[in-house]
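To start, the structure under review is shown below, and the notes come after it.
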Amino acid sequence: MTDKTIADWQKLAERELKASPDTLTWHTPEGIDVKPLYTAEDLEGIDHLDSLPGFEPFVRGPRATMYAGRPWTIRQYAGFSTAEASNAFYRKALAAGQQGVSVAFDLATHRGYDSDHPRVVGDVGKAGVAIDSVEDMKILFDGIPLENISVSMTMNGAVIPILANFIVTGEEQGVSRDKLSGTIQNDILKEFMVRNTYIYPPEPSMRIIADIIEYTAKEMPKFNSISISGYHMQEAGATLVQELAFTLADGREYVRAALKKGLNVDEFAGRLSFFFAIGMNFFMEAAKLRAARLLWTRIMKEFEPKKASSLMLRTHCQTSGVSLQEQDPYNNVIRTAYEALSAALGGTQSLHTNALDEAIALPTEFSARVARNTQLILQNETGVTKVVDPLAGSYYVESLTNELAEKAWALIEEVEAMGGMTKAVDAGLPKQLIEEAATRRQAAVDKGEEVIVGVNKFRLENEEPIDILEIDNSAVRASQIKRIAETRRARDPKAVEKALARLTEVARTGEGNILEAAVDCARERATVGEISDAMRSVFGDHAAVPKVVKNIYGKAYEGDPELGILADRLKSYKEAKGAAPRILVAKLGQDGHDRGAKVIASAFGDIGFEVVAGPLFQTPEEAADLAVAEKVQVVGMSSLAAGHKTLAPQLVAALKARGADHIIVVVGGVIPRQDYDYLLEHGVSAVFGPGTNVMEAARAVLDLAEGRLRND
């Protein structure tokens with residue numbers, strides 16, 4: 001293509017647009033300027049264009065034939081209520097075409113608490129399945145042949161007792177550990193960055209990871225010892241460059257930890273896997289997976305492996321949860337289908353498709369079937385599996401692949417200059433950058449600069465509620481407590497005590513393998529909480545100090561009349577009261593997903609409220625104590641894990657018991673509209689569901705504060 005041809009297109013485009021084509025350039029959150037036209041010139045100097053699938057740097061896929069030889073594995077991430085209920089769900093799904101089991105655990109289990117612990121009253125069985133011992137795990141996989149079915153488990157904090165329980169369950173099902181296949185997430189660094197379901201501080205947590213890699217390399221050759229996750233980073237607000245860079249930097253850190261255990265890189269590198277989110281930026285998400293394989297090959301070459309498989313990045317993907325919307329929820333079927341296609345075009349090895357109702361609650365059997373069939377149709381009806389890497393050679397996609405790789409590598413090198421990912425996490429760099437990106441995106445959505453159909457554009461006037469799955473938390477907890485008691489009565493107390501003592505000793509001295517010792521504990525029927533506490537006694541608990549980013553949301557609204565009106569009202573309030581309204585943003589229960597809470601705290605602070613950011617994992621009583629001590633007018637409770645009907649009334653009662661029922665309680669997060677009346681009847685003053693505009697929420701909270709001021 002000649003310069004004249006390009007110039008002719010430029011003139012034609014300018015006539016059509018009545019302006020320069022430059023006005024169509026899309027400035028993405030990743031800092032990439034996407035042009036309206038790409039040509040062969042954009043591919044000059046790109047090194048990977050001549051590569052083939054199955055050969056390094058694996059841009060076109062880790063296997064030579066990819067889906068033309070075998071399609072990706074269809075997985076559905078699920079778990080809820082009791083082991084019995086989840087088992088029934090898995091068996092139906094497998095019979096309907098699902099090819100592997102992906103287990104979601106409840107938050108009590110994630111944080112290493114048994115279901116009878118007082119801190120988890122509102123969490124048991126709500127956001128996943130409750131597992132307290134081998135007895136629960138055996139029920140979870142009853143009738144599911146573990147020698148044939150691959151099992152993926154999303155677990156990081158309580159990874160030791162969960163993996164130990166799984167190994168013993170296999171043994172008692174007659175499947176030796178060398179025949180177990182699947183993946184344990186085991187990715188603690190991203191927990192310190194975003195998801196926050198950690199237990200122990202970073203240093204002992206890294207030791208746990210290394211011990212698991214060591215044990216599985218020797219004992220479980222078919223099992224993936226770690227799934228290095230960028231998914232939760234994107235869900236927390238990371239740009240695609242940040243997700244790519246921080247995930248691969250985490251991977252590099254885990255490889256180094258394993259090498260320090262004395263392992264040869266080829267003993268474990270082939271069993272490392274990755275986990276990425278797939279959002280609505282269709283072509284860039286596909287390019288991201290291609291860039292990830294390119295960069296991982298570059299990183300792994302540093303460790304001089306002998307096997308080609310040690311250079312390959314293999315990944316599971318899940319469609320975005322954040323892209324799902326409460327408003328007009330059937331749109332979510334369409335969003336998920338596009339995201340699934342993007343993952344397939346990017347070359348994923350397995351895929352989970354989210355259900356249409358997951359912005360509101362756990363999926364129903366109906367919505368899970370629609371999500372699963374999305375993949376079945378994609379594999380069987382579209383022809384997408386017939387050709388290896390259909391996007392190869394695309395001017396746009398190859399250019400995006402290259403630019404994403406370059407920008408991510410620059411960020412990886414920045415992390416490396418800090419001494420690696422553990423030190424970068426300790427310094428708070430990834431967390432800060434991700435929270436800034438999340439706040440910036442929220443402002444763009446609130447202002448309508450980023451369109452979400454049915455939310456900030458093309459919104460329906462009236463929406464009919466949809467059927468949702470609701471878990472009776474009290475009944476599940478009672479059932480779990482009963483089984484724990486039965487398990488403890490049936491076991492040998494001295495054998496349990498001896499096994500737990502050995503685990504504590506291994507943790508204390510560093511002599512021996514922590515997972516191996518925990519397997520012995522699980523055989524004796526020590527509970528998840530008891531195994532976790534044995535390590536807690538040595539390692540202690542990690543406690544993060546909440547920090548709030550500033551001047552991101554406010555900067556986006558600079559000069560906006562909407563913000564000016566709100567600022568004037570806050571000024572009047574301050575003149576009448578002597579201070580701006582003071583709000584505590586509280587996270588109750590064991591839910592560590594804090595994107596919404598952090599965005600609210602940051603935005604409200606920029607708008608002019610005085611904000612107190614509460615720590616994670618508070619009980620209602622602890623939040624009430626903090627609200628009284630900080631003399632706040634409002635408590636904003638953030639709920640993403642379905643515990644609101646238990647925890648919000650308890651918070652209201654705790655404030656009343658302290659003579660502080662003048663403090664206004666509002667609740668925001670993943671809350672079905674069907675629950676609004678219940679919360680309002682139990683003392684909550686306002687409910688802000690998914691997709692709420694932050695400026696509208698700020699006005700509503702100020703209305704409440706002004707009303708209370710007038711009543712005073």
Side-chain angles (χ1 to χ4, degrees), residues 26-34 42 45-49 51 56-60 62 187 189-190 193-194 228-255 272-279 281-302 311-315 317 320 342-343 346-348 391 396-425 429-438 440-441:
W26 172 25
H27 308 287
T28 77
E30 291 76 17
I32 294 174
D33 292 339
V34 176
D42 292 293
I46 296 178
D47 296 331
H48 70 257
L49 295 178
S51 65
E56 64 174 85
F58 306 104
V59 174
R60 301 191 64 186
D187 176 6
L189 285 175
K190 61 94 177 166
M193 280 186 263
V194 289
I228 305 153
S229 174
Y231 182 87
H232 303 96
M233 297 181 200
Q234 189 181 137
E235 292 292 278
T239 67
L240 271 62
V241 164
Q242 291 167 353
E243 180 192 7
L244 190 53
F246 294 146
T247 304
L248 299 183
D250 280 351
R252 180 191 251 167
E253 199 85 338
Y254 296 140
V255 171
L272 303 178
S273 69
F274 287 80
F275 175 27
F276 287 104
I278 303 295
N281 192 341
F282 184 87
F283 290 106
M284 197 175 288
E285 288 288 6
K288 179 185 74 181
L289 298 185
R290 303 172 90 249
R293 291 191 288 270
L294 172 71
L295 294 180
W296 186 243
T297 298
R298 186 185 300 176
I299 287 171
M300 288 306 293
K301 279 190 169 184
E302 299 170 8
L311 301 173
M312 294 178 186
L313 180 145
R314 296 162 302 111
T315 190
C317 290
S320 172
S342 178
T348 189
L391 295 181
Y396 176 39
V397 172
E398 296 291 12
S399 180
L400 273 183
T401 300
N402 187 62
E403 192 154 5
L404 277 167
E406 287 182 352
K407 287 187 177 296
W409 188 252
L411 189 50
I412 289 169
E413 291 291 89
E414 184 180 343
V415 167
E416 195 69 3
M418 297 178 74
M421 201 59 182
T422 303
K423 290 188 177 178
V425 168
L429 173 72
K431 194 173 187 68
Q432 178 184 334
L433 293 180
I434 290 170
E435 289 176 2
E436 287 177 355
R440 206 172 281 117
R441 181 177 187 269

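No experiment lies behind these values; they were computed from the predicted model shown.
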What pair of heavy atoms forms the shortest contact from [X] to [Y], and how long is it?
X	Y	value
Ala292	Leu248	O-CD1, 4.1 Å
Ala236	Ile434	O-CG2, 3.8 Å
Val59	Ser51	CB-OG, 4.2 Å
Ala291	Leu404	CB-CB, 4.3 Å
Pro29	Thr239	O-CG2, 3.6 Å
Ala408	Ala245	O-CB, 3.5 Å

Compare all side-chain heavy atoms of [X] with those of [Y] and state whether any distance is below 4.5 angstrom.
X	Y	result
Leu295	Trp409	yes
Gln234	Lys288	yes
Tyr396	Val34	yes
Pro57	Arg298	no
Leu391	Thr401	no
Phe276	Thr348	no
Met312	Arg293	no

[X] side chain to [Y] backbone, donor-acceptor under 3.5 Å:
X	Y	value
Thr297	Glu56	no
Arg314	Phe274	no
Glu285	Gly279	yes

Counterpart residues, salt bridge (Lys or Arg N to Asp or Glu O under 4.0 Å), relative to [X] (two or more places apart):
X	answer
Arg440	none
Glu398	Arg290
Glu302	Arg252

Report task. Test Glu253 against Thr422 for side chain to side chain donor-acceptor pair (under 3.5 Å), laying out the working first. Result -> CA-CA 7 Å; Glu253 199 85 338; Thr422 303; 2.6 Å; yes

Report task. Give the C-alpha distance, both sets of side-chain angles, the deciding distance and a yes or no for side chain to side chain contact (heavy atoms under 4.5 Å, CB included) between Val194 and Lys431. Result -> CA-CA 7 Å; Val194 289; Lys431 194 173 187 68; 5.9 Å; no

Requested in this report: Starting from the C-alpha separation in whole Å, work towards a yes-or-no answer on side chain to side chain contact (heavy atoms under 4.5 Å, CB included) for Val255 and Ile299.
Outcome: CA-CA 10 Å; Val255 171; Ile299 287 171; over 6 Å; no

Query raised in the report: Of the options Thr247, Leu189, Asp187, which is the one that meets Ser229 in a side-chain contact (heavy atoms from CB on, under 4.5 Å)?
Result: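 Of Thr247, Leu189, Asp187, side-chain contact (heavy atoms from CB on, under 4.5 Å) with Ser229 is met by Asp187 alone.
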
Taking atom [atom1] of [X] and atom [atom2] of [Y], what is their separation to the nearest 0.5 Å?
X	Y	atom1	atom2	answer
Ser342	Asn281	OG	CG	8.0 Å
Asn402	Asp47	CG	CG	8.0 Å
Thr28	Ile32	OG1	CD1	5.0 Å
Ile46	Glu403	CD1	CD	9.5 Å

Query - Pair Phe58-Trp296, ring pair (Phe, Tyr, Trp, His ring centres under 6.0 Å): steps then yes or no - result: CA-CA 9 Å; Phe58 306 104; Trp296 186 243; over 10 Å; no

Report task. Would you mind checking if Glu30 and Lys407 are paired as a salt bridge, meaning a charged N to carboxylate O distance below 4.0 Å? Result ->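 No, this pair does not count.
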
Query raised in the report: So Ser320 and Glu235, side chain to side chain donor-acceptor pair (under 3.5 Å) or not? Walk me through it.
Result: CA-CA 7 Å; Ser320 172; Glu235 292 292 278; 3.1 Å; yes

Requested in this report: Decide side chain to side chain contact (heavy atoms under 4.5 Å, CB included) for Phe246 and Lys190; before the verdict, give the C-alpha distance in whole Å, the side-chain angles of both, and the deciding distance to 0.1 Å.
Outcome: CA-CA 8 Å; Phe246 294 146; Lys190 61 94 177 166; over 6 Å; no

Query raised in the report: What class does the angle between the rings of Phe275 and His232 fall in, given that below 30° is parallel, 30 to 60° is tilted and above 60° is perpendicular?
Result: perpendicular

Report task. Applying side chain to side chain contact (heavy atoms under 4.5 Å, CB included), run through Asp33 and Trp26 and close with a yes or a no. Result -> CA-CA 6 Å; Asp33 292 339; Trp26 172 25; over 6 Å; no

Query - Intermediate values then yes/no, side chain to side chain donor-acceptor pair (under 3.5 Å), Glu436 and Gln242 - result: CA-CA 12 Å; Glu436 287 177 355; Gln242 291 167 353; over 6 Å; no

